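Data first, discussion second: the structure below is written as structure tokens.
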Amino acid sequence: MPELPEVETTRAGIAPLIRDRPIGQVILRAASLRQPLAPELASRLPGQRVHAVERRGKYLILRLDDGSLLLHLGMSGSLRFLPATTPPGKHDHVDLVFGGDCLRLRDPRRFGLLLWTDGEPLNHPLLRDLGPEPLSDGFDADFLYRVSRKRATAIKPFLMNSRIVVGIGNIYANEALFAAGIHPKRAAGRISAVRYRLLVHHIRRILEAAIAQGGTTLNDFRNEQGKPGYFAQRLQVYGRGQEPCPKCARPIQQALIGQRSSYYCAHCQR
DNA sequence: AAATTCTCCTGAAGGC
DNA sequence: TGCCTTCAGGAGAATT
């Protein structure tokens, strides 16, 4: 599933391919993803030039002449850049045509989102209240410590709350908490500044490593995108219920926290 | 205000 | 082999 590293890899991959190019035809093959695909996408976009391809959290922003496209890949979305004549597959829902090529959105589970917005996209209701980027200066231990005071929520759903910080999905929340030795059920407000420092360090380290690996797929972006490179990195706990902990060899626990499966070592994480 | 639950959808995996 | 059931998952919306 696309986490922040994959979205960033996608952004970096498509930006040089479509920047400064006008959109031709827009083909909508599905009525809706997470929400209906507005017909105005097909009517307003053609002729508009792509000025920038940005990312905010897991949202992609395509800045055009008169507004912006907001795109979210959801659970199963992916973008490919290929000849416009390539026959679409069952789950290829949208094409943005650029000359003889097209940017094609595939999303089997249709949790993704594509919408047009007129004003400044960062002021859109979906983006307006998002927390800081985890790799930016605005995200540090002092910030996390401050906003977590008096919060009884478990640290794991707290980290996954995009109003606190964007881009930390289930996989990386599990991995970062394991690396920092913090129990996923610990109340966010009961974690010391020192431990938040360690947590922020590992969040950064893990996301940056994932982006670095995702970057290796950039060269063949024009072809079949293939599996995201970052999955090649070894996940320490995610999906490893009952397997031995990499640190102490005791069995990895699996539990639902905030409706999401969580993996942790009850001995190493407190 | 904060916390919890519900919801969208379908491929994958497991059971029989 | 194949049908049926269950589960996962991002994040906004609804509910408590």
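These numbers come from a predicted model, not from an experiment. All chains are named by letter (A, B, ...) in the order of the sequence lines, taking the proteins before the strands, and each is independently numbered beginning at 1.
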Aromatic rings Y196(A) and Y145(A): how do their planes relate, parallel, tilted or perpendicular, breaks at 30° and 60°? perpendicular
Closest to the R151(A) side chain, choosing from dG11(B), dG10(C), dA3(B): dA3(B)
Using the rule given for salt bridge (Lys or Arg N to Asp or Glu O under 4.0 Å), can you reason through R11(A) versus E54(A), listing the C-alpha separation, both sets of side-chain angles and the distance that settles it, and then say yes or no? CA-CA 7 Å; R11(A) 189 204 63 75; E54(A) 301 171 359; over 6 Å; no
Choose from dT10(B), dA11(C), dG11(B) the nucleotide whose nearest atom is closest to any side-chain atom of K58(A). dA11(C)
Quick check for you: among dA3(B), dG10(C), dT10(B), whose closest atom lies nearest to any side-chain atom of T153(A)? dA3(B)
If you pin K90(A) and G258(A) to their nearest nucleotides in DNA chain B, which one's is more 5'? G258(A)
I want to check one thing: is the phosphate of dG12(C), taken as OP1 and OP2, less than 4.0 Å away from some side-chain N or O of S162(A)? yes
H91(A) side chain near dC9(B) phosphate (N/O to OP1/OP2, under 4.0 Å): no
Main chain of D20(A), side chain of R49(A): is a donor-acceptor contact present, judged purely on distance under 3.5 Å? yes
Using a 4.0 Å heavy-atom cut-off across all strands, classify L126(A) as base, sugar-phosphate, or nothing. sugar-phosphate
OP1, OP2 of dC9(B) versus side-chain N and O of R34(A): anything below 4.0 Å? no
Tell me whether L71(A) is reachable from L64(A) by hopping between hydrophobic residues (I, L, V, M, F, W, Y) whose side-chain heavy atoms are closer than 4.5 Å. yes
Using the aromatic ring of F111(A) (for Trp, its six-membered ring), decide whether it stacks on the base of dG10(C) within the limits of 5.5 Å and 30°. yes
With the side chain of Q259(A) defined as its heavy atoms from C-beta on, choose the nearest nucleotide among dC9(B), dT5(B), dG10(C). dT5(B)
Whole-Å gap separating P (dA11(C)) and CG (L115(A)): 14 Å
Taking N and O atoms by type only, does the side chain of R260(A) place a donor or acceptor under 3.5 Å from a partner on the base of dG10(C)? yes
From the options dG10(C), dA8(C), dA2(B), select the nucleotide whose nearest atom is closest to the side chain of Q254(A). dA8(C)
Just to verify, which of V7(A), I61(A), T10(A) counts as forming a side chain to side chain contact (heavy atoms under 4.5 Å, CB included) with R55(A)? V7(A)
Checking dG10(C), dT5(B), dA8(C) against the side chain of S261(A) (C-beta onward), the nearest is dA8(C)
Heavy atoms under 4.0 Å, any strand shown: does Y59(A) hit a base, just sugar-phosphate, or nothing? sugar-phosphate
Among dA3(B), dG11(B), dC9(B), which nucleotide sits nearest the side chain of A152(A)? dA3(B)
